[in-house]
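Heavy-atom basis, side chains included; hydrogens, waters and symmetry copies ignored. Note that this is a predicted model, so its numbers are computed, not measured.
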Amino acid sequence: MLTRPAKPGASLRLEASFPDNASELCGTANGRNRPGCYDAAMPIIGHFRSLNRVQRNTFSACFLGWTLDAFDFFLLTFCLKAIAATFHVGVKQVAEAVFWTLVMRPVGAFLFGLMAEKYGRRPTLMLNIVAFSFFELASAFAPTLHSFLVCRALFGIAMGGVWGVGAALALETLPPAGRGFFSGLLQEGYVVGNLLAALLFGLLFPHLHGTGMYTNWRIMFMVGTLPVLLAFYLRFSVDESPAWLAGQQRLTEKSKPSLTPAILLANIRGLLGYLPIFLFLIVLMAAFTSFSHGTQDLYPTFLLDHGLSEGHVGLIAAIANIGALLGGVFCGSISEKFGRRKSIIVAALLAIPMVPLWAWSHSMAALAAGGFLVQFMVQGAWGIIPAHLNELSPGPVRAILPGFAYQLGNLLSSRNAVFQEEYAMRHNGGSLNVALSGTVVLVALTVAVITALGPEAKGADLS
């Protein structure tokens with residue numbers, strides 16, 4: 001809790017609860033920050049030094065879960081043209097796989113969210129990781145486009161649960177001090193996954209020349225099964241959310257029924273009890289997912305259509321994702337000072353002036369600079385979202401509501417890539433620059449307006 005300074009000029013102090021029930025007031029001890037305390041001037045390493053071992057392990061596992069989930073998703077976006085060639089169809093037909101992945105994510109968010117409320121965040125996240133790794137491998141062996149689309153839909157269910165469960169586990173374990181910084185870094189696990197996919201595509205894909213079940217894109221998807229190893233780390237190195245454990249202690253055995261259809265219905269009614277904030281978050285996340293997927297999913301295809309090699313496409317995408325990573329951490333951190341809403345609005349609007357460099361340049365250097373700047377702003381706004389959504393979500397539904405709203409927003413924007421490709425084919429001779437540019441301008445304004453109209457709960461107690 002915040003404690004009023006004893007006299008002008010004194011520092012605010014903040015008390016944070018830890019899993020071992022120990023807590024300390026912020027300040028200095030022997031010239032060093034005490035554990036769990038936040039200092040806005042801290043460098044990145046200082047934020048991590050403020051955590052205890054349990055908190056560091058938990059955050060690392062949740063970050064890696066979201067990273068590797070995104071890695072598996074973005075392998076698809078880099079391989080759209082190669083998959084289309086294998087199945088003898090156009091890119092638009094393969095882009096339906098992106099649609100089916102996104103459209104099924106709300107199902108996973110709801111089901112895995114329920115499991116996280118009943119059985120705990122940690123075991124649910126472990127199951128999530130095993131599931132999306134399995135369906136990534138199944139995608140590699142899909143013999144037809146139809147079976148490939150089915151595998152990607154099932155992958156979408158597994159992918160849908162990771163963000164909400166992981167964010168709840170991380171943010172309920174971390175102290176409230178510095179939450180903006182850790183929110184930004186946690187969200188950028190998605191960007192790091194994209195970065196890893198870009199690097200793998202640029203470094204490995206050009207050297208793969210197999211046929212049949214060893215076609216280049218299939219090998220890439222086989223590599224995408226490696227995240228399953230993270231489940232072992234979760235099993236042996238990560239503790240359960242202290243907030244969830246505290247909640248379980250308050251429940252009697254009689255009040256902890258199994259996940260029956262009646263309980264599922266009761267949970268749906270529970271969500272409806274928070275309908276106004278639930279609907280607002282869905283609309284907000286529809287705008288946000290259009291912002292990210294509208295600038296990422298078809299951008300590798302746009303670069304390949306420019307005549308760039310796979311290696312150059314991977315390099316530009318990697319540079320863009322470095323910008324995204326820095327933007328997410330930076331904007332997440334400054335949201336502690338300037339507030340969640342204001343930081344989101346500024347970051348979103350600053351993406352618009354970057355569009356000419358990003359979508360209308362012709363040199364590799366200019367395209368890389370444009371990618372860096374646009375993704376700095378897009379993911380800068382996104383970096384604030386984990387904290388913003390969890391702070392706005394009521395405690396009884398925190399493992400379900402943020403992730404479910406996020407994935408329902410994905411559902412509303414799930415045909416974004418298909419629409420962009422179709423517009424390019426019909427109105428712009430197949431070139432994606434107009435579709436990409438229009439998406440950024442329209443969606444950035446939408447994100448800013450919706451955010452401005454919504455509430456803020458910076459610093460809310462997540463225990």
With no hydrogens and no angle check, do the side chains of [X] and [Y] hold a donor and an acceptor under 3.5 Å apart?
| X | Y | answer |
| --- | --- | --- |
| Gln420 | Thr439 | yes |
| Ser139 | Arg152 | yes |
| Arg341 | Thr451 | no |

Over all atoms of both residues, closest heavy-atom pair of [X] and [Y]:
| X | Y | value |
| --- | --- | --- |
| Gly430 | Asp305 | O-OD2, 4.3 Å |
| Glu172 | Ser241 | OE1-OG, 2.6 Å |
| Pro143 | Phe87 | O-CE2, 3.6 Å |
| Asn128 | Val162 | OD1-N, 3.0 Å |

query = Is Arg415 salt-bridged to Glu96, cutoff N-O under 4.0 Å?
reply =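 Judged by the 4.0 Å cut-off on N to carboxylate O distance, Arg415 and Glu96 do form a salt bridge.
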Kindly say whether [Y] contributes a backbone atom to a donor-acceptor pair with the side chain of [X] at under 3.5 angstrom?
| X | Y | value |
| --- | --- | --- |
| Ser60 | Asn57 | no |
| His209 | Pro206 | yes |
| His88 | Ala84 | no |
| Asn321 | Ala324 | no |
| Ser414 | Val103 | no |
| Arg121 | Ala116 | yes |

Assess whether atom [atom1] of [X] is packed by more than 12 heavy atoms of other residues, nucleotides or ligands within 6.0 Å.
| X | atom1 | result |
| --- | --- | --- |
| Phe280 | CZ | yes |
| Phe330 | CZ | no |
| His312 | NE2 | no |
| Met364 | CE | yes |

task = Take Leu137 and Val228 through the test side-chain contact (heavy atoms from CB on, under 4.5 Å) and record every step on the way to the result.
result = CA-CA 11 Å; Leu137 182 62; Val228 72; over 6 Å; no
What is the distance from atom [atom1] of [X] to atom [atom2] of [Y], rounded to the nearest 0.5 Å?
| X | Y | atom1 | atom2 | value |
| --- | --- | --- | --- | --- |
| Trp217 | Thr86 | CH2 | OG1 | 6.0 Å |
| Glu310 | Leu303 | CD | CG | 11.5 Å |
| Ser335 | Lys458 | OG | NZ | 7.5 Å |
| Thr215 | Met220 | OG1 | CE | 13.0 Å |
| Arg340 | Cys331 | CZ | SG | 12.0 Å |
| Tyr406 | Ile385 | OH | CD1 | 9.0 Å |

How about [X] and [Y]: are their ring centroids closer than 6.0 Å?
| X | Y | answer |
| --- | --- | --- |
| Phe404 | Phe278 | yes |
| Phe132 | Phe135 | no |
| Phe201 | Phe205 | yes |
| Tyr190 | Trp163 | no |
| His388 | Phe288 | no |

ask   = Can you check side-chain contact (heavy atoms from CB on, under 4.5 Å) on Leu169 and Glu240, steps first, answer last?
value = CA-CA 7 Å; Leu169 176 58; Glu240 183 54 80; 4.1 Å; yes
So [Y] and [X], do their side chains get closer than 4.5 Å, heavy atoms only?
| X | Y | result |
| --- | --- | --- |
| Leu75 | Val223 | no |
| Arg105 | Ile157 | no |
| Phe73 | His293 | yes |
| Val191 | Gln375 | no |
| Leu392 | Leu281 | yes |
| Leu51 | Phe182 | yes |
| Tyr299 | Trp358 | yes |

query = Regarding Arg218 and the six-membered ring of Phe221, is the cationic atom NZ or CZ under 6.0 Å from the ring centre and inside 45° of its axis?
reply = no
ask   = Going through the checks in order, is the side-chain contact (heavy atoms from CB on, under 4.5 Å) test met by Val441 and Ser437?
value = CA-CA 6 Å; Val441 174; Ser437 302; 5.7 Å; no
query = Which is it for Ser292 and Gln379 under the side-chain hydrogen bond (donor to acceptor under 3.5 Å, both in side chains) test, yes or no, and what are the steps along the way?
reply = CA-CA 7 Å; Ser292 56; Gln379 293 301 320; 5.1 Å; no
ask   = Where do Asp297 and Asn416 land on the side-chain hydrogen bond (donor to acceptor under 3.5 Å, both in side chains) test, with the steps shown first?
value = CA-CA 9 Å; Asp297 293 355; Asn416 187 79; 5.9 Å; no
task = Step by step, work out the side-chain hydrogen bond (donor to acceptor under 3.5 Å, both in side chains) result for Thr289 and Ser413.
result = CA-CA 7 Å; Thr289 52; Ser413 65; 2.7 Å; yes
request  = Mind running side-chain contact (heavy atoms from CB on, under 4.5 Å) on Phe181 and Leu185 for me, showing each step along the way?
outcome  = CA-CA 6 Å; Phe181 167 82; Leu185 188 57; 4.2 Å; yes
task = Walk me through it: do Trp244 and Glu117 pass the test side-chain hydrogen bond (donor to acceptor under 3.5 Å, both in side chains)?
result = CA-CA 8 Å; Trp244 185 82; Glu117 296 289 9; 5.1 Å; no
